[in-house]
Amino acid sequence: MHTIPRLRSDAPLADVVANLETQGCVVVTEAVDKATSDKLADELDPYLSTMDAGDSLNRKYAADGGPSDFYPGNTKRITALIARSETFRSLATHPVTLGACDSILRPNCASYQIHATAALVVGPGARFQVLHHEDDAFPFFKIPRPNLVVASMWAITDFTEANGATRLVPGSHRWAAGRVAGEEEMLSAEMPAGSVLLWMGGTLHGAGANRSDQWRFGVFLSYSLGWLRQEENQYLDTPPDVARALPNDLRDLVGYRMHAALGYADVRGQRTGN
């Protein structure tokens, strides 16, 4: 029987990786403290507080200018979190997520990278997001695909089934193409604030419907193999003037380093900072 396993942040990393490999997902509780969650929320508030929940990426990408199955309405979405939040940067280099990436992604690349970032505030009345794979951007690989992406969702507020906790289909990362998930196979990743949900790029998932009177706040962060094109254009969302001020390890994660022969540039006279 498949489940969404739950571990404490002091659990052995091997247990986190084992659950990711078998179930395709795992919740790690107490990954950050309340002060960290509150500080991140404060740093992102100037961008989110002025945003209309029906006027963000859902309008940009829906064909008719309204909500779509992938971008449901009543949701605030912003990207470019590396540039916008210093606290978010500490999540990007958290030992639990990097440890998982070391085990799952590194066998397929010399180095991995940040793939996409987003803050997602799901409001009352938001409906289900269509189930999808995080690695669907690479359809030229046959399903089940090799390990290309590891994704995470950090709970800034509590995630409950009622307020739209992420729905996953544990074990689906090993399914053959064309298999459709039954309702009984979809589970809600309920978790308290300060937790992080990790899942494999091939695990079916989507935001849940918010049937409560609360706003559910999480931040999304995914990683991919260093030789893949990133889903979020990090060089625009974290431009060179911002990247120069980042610590070396984080700047490398953003993608400001070569992967074998990929990504060279003439930077003579441009080097500043660390």
Side-chain angles (χ1 to χ4, degrees), residues 1-13 15-41 44 72 75-77 81 85 87-88 90-92 94-101 104 116-124 126 128-129 131-132 134 149-173 181 185-201 203-223:
M1 178 178 178
H2 288 294
T3 63
I4 301 177
R6 179 181 291 225
L7 302 172
R8 285 171 46 94
S9 60
D10 56 0
L13 179 62
D15 292 351
V16 175
V17 173
N19 279 290
L20 275 170
E21 291 178 335
T22 57
Q23 301 294 329
C25 54
V26 63
V27 167
V28 178
T29 62
E30 302 174 42
V32 295
D33 58 23
K34 186 176 186 301
T36 300
S37 295
D38 289 348
K39 186 177 180 184
L40 188 149
L44 295 181
T75 301
K76 298 183 179 184
R77 302 175 180 84
L81 301 192
S85 168
T87 302
F88 181 80
S90 68
L91 304 189
H94 194 282
V96 169
T97 49
L98 294 191
C101 290
I104 293 168
T117 70
L120 302 162
V121 187
V122 179
F128 291 114
Q129 182 187 34
L131 293 179
H132 58 283
E134 219 51 64
V149 177
V150 170
S152 64
M153 178 69 76
W154 294 82
I156 307 306
T157 60
D158 292 344
F159 275 44
T160 68
E161 190 278 333
N163 73 11
T166 307
R167 294 192 306 167
L168 302 104
V169 183
S172 58
H173 62 306
E185 296 176 292
M186 305 175 196
L187 303 179
S188 295
E190 296 189 298
M191 55 183 173
S195 304
V196 60
L197 163 69
L198 294 96
W199 67 93
M200 303 287 275
T203 302
L204 284 168
H205 66 284
N210 190 340
R211 299 177 286 98
S212 75
D213 60 358
Q214 306 166 345
W215 288 79
R216 189 266 282 167
F217 186 3
V219 291
F220 171 81
L221 172 62
S222 60
Y223 305 82

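Keep in mind that what you see is a predicted model, and the values were worked out from it rather than measured. Along the sequence shown, residues carry numbers from 1. Scope of the values below: all heavy atoms of this structure, side chains included, with no hydrogens, waters or symmetry mates.
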After noting the C-alpha distance and the side-chain angles of W154 and T36, does the key distance pass the side-chain contact (heavy atoms from CB on, under 4.5 Å) rule? CA-CA 11 Å; W154 294 82; T36 300; over 6 Å; no
Paired with L198, the side chain to side chain contact (heavy atoms under 4.5 Å, CB included) test is passed by just one of L221, I104, V28, namely V28
Considering non-hydrogen atoms only, spot the tightest contact between [X] and [Y] and give its length.
X: G208; Y: R216; result: N-NH2, 4.5 Å
X: A155; Y: S37; result: O-OG, 4.3 Å
X: T75; Y: A126; result: OG1-CB, 4.0 Å
X: S222; Y: V149; result: CB-CG1, 4.2 Å
X: T203; Y: G24; result: OG1-O, 2.8 Å
X: L20; Y: C25; result: CD2-CA, 3.9 Å

Can you sort out the partners of E185 under side-chain contact (heavy atoms from CB on, under 4.5 Å), two or more places apart, ordered by chain and number?
->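 With neighbours one apart ignored, the set is V169, W175, R179, A181.
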| said: Quick one, T117 with V219, criterion side-chain contact (heavy atoms from CB on, under 4.5 Å). Give me CA distance, side-chain angles, the key distance, then yes/no. | reply: CA-CA 7 Å; T117 70; V219 291; over 6 Å; no
Ignoring hydrogens and geometry, is there a side-chain-to-backbone donor-acceptor pair from [X] to [Y] under 3.5 Å?
X: Q23; Y: T3; answer: yes
X: S85; Y: L81; answer: no
X: D158; Y: A193; answer: yes
X: T157; Y: F217; answer: yes
X: N163; Y: F159; answer: no

Got a second to check how far [X]'s [atom1] is from [Y]'s [atom2], nearest 0.5 Å?
X: Y223; Y: S152; atom1: OH; atom2: OG; value: 5.5 Å
X: Q214; Y: T160; atom1: CD; atom2: OG1; value: 6.0 Å
X: L40; Y: L91; atom1: CG; atom2: CG; value: 6.0 Å
X: T29; Y: L7; atom1: OG1; atom2: CG; value: 8.0 Å
X: L187; Y: R167; atom1: CG; atom2: CZ; value: 10.0 Å
X: E161; Y: N210; atom1: CD; atom2: CG; value: 10.0 Å

Taking the side chain as everything from C-beta on, heavy atoms only, tell me whether [X] gets closer than 4.5 Å to [Y].
X: V196; Y: H94; result: no
X: T166; Y: F220; result: no
X: L197; Y: L168; result: yes

So the side-chain hydrogen bond (donor to acceptor under 3.5 Å, both in side chains) pairs with at least one residue in residues 187-198 (sequence neighbours excluded) are none
With sequence neighbours left out, the residues meeting side-chain hydrogen bond (donor to acceptor under 3.5 Å, both in side chains) with H205 are H132, E134, W199
